[in-house]
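Any value given below was found using the heavy atoms of this structure, including those in side chains, with hydrogens, waters and symmetry copies removed.
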Amino acid sequence: MRVLIADDEALIRMGLKQMIQELGHLPLTATNGREALRMVQKHQPDLALLDIEMPFRNGIDTAKRIAQIHPIPVIIVTAFGDDDHIERATAVPIHGYLIKPVTIADVKAAIAVAVQRFTEKQELERAREELQEKLETRRLVDRAKGKLMVQKGLNEEDAYRLLQLRARETRLSLKDVALSVLQA
């Protein structure tokens, strides 16, 4: 994986870089949030490790922006374990929170969990979108069936068969055929 490391402290950044390399990943480093966003756009990393307090753009704002431009698992790696920082972090789409100093075992575990949670979230989002599309199609088909039943004196089953037949003949989706019936 290409792992973005954004931390304004050189020693922390280099330590994380070494850990990422030892775990078999390719590290990309940035010294602040603004630079991290440029790296995301240019290199499209697979995961990001972000410090919370960085110059120009903090880790929370950077995580929000990453979620918008190139959604990836994000792990906050910070020296701050107070309630305020944790609360701010939980309000954004992150997948882990590590308090410095961290070990290679901490980073390895956090990456494994973050990648798994991110993958699950993406799968749930795809399933939600598919269900939303199916529901919308069903509503349109039901309305089109109703219109055909009134206009042509068909029963519900025959109205549905007519929609299916038109879809096959025109090589359009059932949704598109239903839309054309409703717009006619």
Side-chain angles (χ1 to χ4, degrees), residues 1-138 173 175:
M1 288 192 308
R2 291 179 313 270
V3 178
L4 172 64
I5 301 163
D7 198 307
D8 58 324
E9 295 180 44
L11 286 176
I12 299 294
R13 199 171 50 250
M14 292 303 113
L16 288 170
K17 180 180 178 180
Q18 183 177 352
M19 288 180 202
I20 293 303
Q21 287 172 327
E22 286 178 27
L23 291 171
H25 305 299
L26 175 67
L28 308 166
T29 58
T31 60
N32 59 62
R34 193 173 9 177
E35 187 179 340
L37 290 175
R38 283 195 298 268
M39 298 287 284
V40 166
Q41 290 174 330
K42 183 177 180 182
H43 299 286
Q44 298 189 338
D46 303 302
L47 181 129
L49 300 173
L50 306 176
D51 186 20
I52 279 189
E53 299 298 336
M54 295 184 288
F56 304 115
R57 188 173 204 139
N58 68 42
I60 301 295
D61 292 340
T62 303
K64 283 182 199 175
R65 187 69 182 127
I66 288 172
Q68 294 168 347
I69 62 172
H70 180 66
I72 56 174
V74 174
I75 301 169
I76 297 294
V77 183
T78 182
F80 299 98
D82 59 276
D83 291 343
D84 181 54
H85 280 89
I86 293 170
E87 187 176 316
R88 286 177 40 219
T90 59
V92 297
I94 63 165
H95 303 89
Y97 193 95
L98 292 173
I99 298 173
K100 299 174 189 173
V102 296
T103 66
I104 193 166
D106 296 333
V107 173
K108 181 180 180 180
I111 287 173
V113 170
V115 168
Q116 182 62 33
R117 293 298 168 259
F118 181 79
T119 301
E120 289 170 358
K121 182 181 174 190
Q122 295 295 95
E123 289 170 1
L124 284 173
E125 182 60 26
R126 277 191 290 278
R128 186 194 65 77
E129 288 172 2
E130 287 174 15
L131 287 173
Q132 189 69 31
E133 178 67 21
K134 286 179 182 179
L135 181 60
E136 182 182 347
T137 297
R138 183 174 181 137
S173 70
K175 178 182 177 181

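- A30 and E35 get closest at one heavy-atom pair: CA-OE2, 3.6 Å.
- The closest side-chain heavy-atom distance from L23 to V3 is not below 4.5 Å.
- Residue pairs meeting the ring-ring contact (aromatic ring centres under 6.0 Å, His included) criterion with at least one partner in residues 25-61, sequence neighbours excluded, are absent.
- Applying the side-chain hydrogen bond (donor to acceptor under 3.5 Å, both in side chains) rule to Q18 yields the partners E22; only residues at least two apart in sequence or on another chain are considered.
- Every side-chain contact (heavy atoms from CB on, under 4.5 Å) that Q41 has, sequence neighbours left out, goes to I69.
- A distance of 8.0 Å separates CZ in R2 from CG in L26, rounded to the nearest 0.5 Å.
- When every heavy atom of T31 is checked against every heavy atom of P55, the shortest pair comes out as O-CD, 4.2 Å.
- Across all non-hydrogen atoms, the minimal contact from V74 to P93 is CB-O, 4.4 Å.
- I60 CD1 to T78 OG1: the interatomic distance, rounded to the nearest 0.5 Å, is 8.5 Å.
- In this structure, CE on M39 lies 11.0 Å from CD1 on I66, to the nearest 0.5 angstrom.
- Atom CG of L135 has more than 12 neighbouring heavy atoms from other residues, nucleotides or ligands inside a 6.0 Å radius.
- The side-chain hydrogen bond (donor to acceptor under 3.5 Å, both in side chains) test applied to E9 returns no partner, not counting sequence neighbours.
- Here CE of M54 is found 7.5 Å from CG of D8. Values are rounded to the nearest 0.5 Å.
- Smallest separation of non-hydrogen atoms from A114 and L47: CB-CD1, 4.5 Å.
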Open item on the list: Using side chain to side chain contact (heavy atoms under 4.5 Å, CB included), reason through K121 and E125 one step at a time and then give a plain yes or no.
Closed with: CA-CA 6 Å; K121 182 181 174 190; E125 182 60 26; 5.7 Å; no

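- Atom CG of L16 sits about 10.0 Å away from atom CD1 of I75, to the nearest 0.5 Å.
- Sorted by first and then second residue, the pairs that involve residues 85-112 and meet salt bridge (Lys or Arg N to Asp or Glu O under 4.0 Å), not counting sequence neighbours, are D7-K100, D51-K100, E53-R88.
- Sorted by first and then second residue, the pairs that involve residues 109-118 and meet salt bridge (Lys or Arg N to Asp or Glu O under 4.0 Å), not counting sequence neighbours, are R117-E120.
- For residues 75-122, every residue pair satisfying the ring-ring contact (aromatic ring centres under 6.0 Å, His included) rule, not counting sequence neighbours, is listed here: F80-H85, H95-F118.
- A search for side-chain hydrogen bond (donor to acceptor under 3.5 Å, both in side chains) contacts involving D83 returns nothing, not counting sequence neighbours.
- Partners of R126 according to the side-chain hydrogen bond (donor to acceptor under 3.5 Å, both in side chains) rule, which considers only residues two or more places apart in sequence or in another chain, do not exist here.
- Every residue meeting the salt bridge (Lys or Arg N to Asp or Glu O under 4.0 Å) condition with K175, not counting sequence neighbours, appears here in chain and number order: E133, E136.
- At a threshold of 4.5 Å between non-hydrogen side-chain atoms, the residues V40 and P45 count as touching.
- Here side-chain hydrogen bond (donor to acceptor under 3.5 Å, both in side chains) pairs that include residues 56-66, with residues two or more places apart or in two chains, are R65-Q68.
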Task: Check against side chain to side chain contact (heavy atoms under 4.5 Å, CB included), V115 and M1 - done: CA-CA 11 Å; V115 168; M1 288 192 308; 4.0 Å; yes

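- Closest approach of A63 and L50 over heavy atoms only: N-CD1, 3.8 Å.
- Nearest heavy atoms, G59 versus I76: O-CD1, 4.3 Å.
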